[in-house]
Amino acid sequence: MIFTRRTILRMGAAAGATALLPLRSFAAQTMTLGSATLDTLSDGNLVLPMGFVTDHPGAAEVMARYGITGPQVEPPCNVTLYRDGTNTVLFDVGAGPDFMPTAGKLHEALDALGVSADEITHVVFTHAHPDHLWGVLDEFDEPIFANAQHMMGKAEWDFWIDPETQNTIDEGRKTFAAGALRRMSMLEDRIVTFGDGEEILPGVGARASHGHTPGHMAFEVRQGNSACMVVGDAIGNNHLAFAEPLWASGSDQDAEMGAQTRLGLLNQLADAQMPMIGYHLPEGGIGRVERDGAAFRFATEV
Ligand SMILES: [Zn+2]
């Protein structure tokens with residue numbers, strides 16, 4: 001396994017104008033698995049109130065250890081690109097233009113890597129929250145990755161495609177439900193659903209990791225003896241999720257199930273010393289789980 005970290009700098013220029021836009025840097029990571037390649041691409045970042053992470057009374061003390069003391073957090077968003085020579089697979093598609101001004105930058109990152117939307121053969125979703133799904137359609141409501149088969153866990157698909165979910169979901173997530181239903185309705189003729197344990201593509205196994213959402217999936221990507229787990233939001237940050245994995249996270253729709261899922265994955269990844277990619281983890285999101293006493297820490301060197 002070969003692991004490199006690189007930063008791609010790209011100069012943007014307004015169409016038809018000579019004025020240069022500010023530089024945007026893409027912190028991208030690359031990992032090889034056998035003859036295949038995993039890249040992480042930045043979709044930008046979210047800006048969230050601290051209460052969305054946790055309302056645990058001990059949170060401020062833990063966060064301070066990580067240098068986070070303000071009322072909000074700004075988690076990065078890392079889309080994973082997997083290329084094995086046959087398939088070109090995106091895991092999640094970022095937030096698109098309608099969620100937060102700081103996110104929805106995936107296409108700039110793909111451009112910087114020299115990969116066009118038409119080259120994507122498969123789009124695989126961890127779950128259907130806005131920052132993972134809403135980048136799927138263009139301004140005409142057509143799928144941006146026009147040649148791709150789109151894939152989502154069956155439980156996740158069934159939850160968000162049900163119009164009743166908009167009535168039953170908590171108040172703070174009603175926009176999530178409406179946004180997911182609108183976009184997923186446009187994908188109905190091209191979606192393939194799958195279940196826990198299925199090998200959905202050669203070398204890509206689905207792993208049920210429910211709790212963050214009702215049908216959240218992680219993916220074990222394997223080539224021979226080398227493997228990496230794409231965990232999505234099942235391990236949602238590099239601080240509380242590792243230091244206090246059993247504390248309820250405000251971002252998990254079922255906090256208790258989310259905590260058990262998180263702990264199970266952390267134990268498995270630490271025991272196997274298997275690299276992981278976290279959607280909201282720092283520096284491109286590729287790293288490893290290390291034990292830290294009774295808890296864990298995120299090691300950014302694979
Ligand atoms: Zn997310």
Side-chain angles (χ1 to χ4, degrees), residues 27 29 40-54 68 72-81 90-106 109 123-136 150-153 155-157 159-160 165 169-170 172-180 183-184 207-219 229-242 245 247-255 257-259 261-262 265-266 276-287 298:
Q29 285 182 302
T40 59
L41 303 171
S42 172
D43 189 51
N45 67 275
L46 305 182
V47 179
L48 300 171
M50 189 63 76
F52 196 75
V53 180
T54 185
I68 301 169
Q72 64 188 28
V73 287
E74 300 185 0
C77 300
N78 310 301
V79 172
T80 297
L81 177 71
L90 271 185
F91 293 92
D92 297 329
V93 295
D98 300 329
F99 186 50
M100 285 186 185
T102 53
K105 316 293 186 191
L106 174 63
V123 169
V124 178
F125 294 102
T126 60
H127 66 297
H129 276 169
D131 50 321
H132 301 253
L133 169 72
W134 284 17
V136 75
H150 291 54
M151 311 177 85
M152 187 182 288
E156 187 73 0
W157 178 267
F159 177 76
W160 297 103
T165 293
I169 202 165
D170 59 281
R173 291 189 174 89
K174 287 198 186 299
T175 56
F176 291 15
R183 289 167 179 82
M184 286 165 57
R207 161 81 183 268
S209 42
H210 303 171
H212 181 69
T213 60
H216 186 285
M217 285 285 186
F219 301 95
M229 189 78 81
V230 178
V231 304
D233 285 4
I235 303 172
N237 57 63
N238 67 317
H239 33 76
L240 289 163
F242 285 79
W247 285 6
S249 168
S251 70
D252 290 345
Q253 289 181 221
D254 182 329
M257 191 188 298
T261 292
R262 186 159 51 242
L265 271 174
L266 288 164
M276 59 172 280
I277 301 176
Y279 196 80
H280 297 299
L281 298 188
E283 296 189 53
I286 300 180
F298 181 57

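One-based numbering, in listed order, for ligands and for the atoms of each.
Side-chain atoms of Lys174 come within 3.5 Å of backbone atoms of Ile169 as a donor-acceptor pair (strictly under, hydrogens ignored). Asp43 contributes a side-chain N or O that, together with a main-chain N or O of Ala95, makes up a donor-acceptor pair within less than 3.5 Å.
Residues His280 and Asp131 are in side-chain contact: their nearest non-hydrogen atoms beyond the backbone lie under 4.5 Å apart. Side chains of Val231 and His212 form no contact here, defined as non-hydrogen atoms less than 4.5 Å apart.
For His132 and His127, the distance between ring centers is under 6.0 angstrom.
Neighbouring protein atoms of the Zn ion (ligand 1) (N, O or S, distance under 2.8 Å, waters ignored): Asp131 OD2, His132 NE2, Asp233 OD2, His280 NE2.
When only modelled atom types and interatomic distance are considered, Glu156 and His129 share no side-chain donor-acceptor pair under 3.5 Å.
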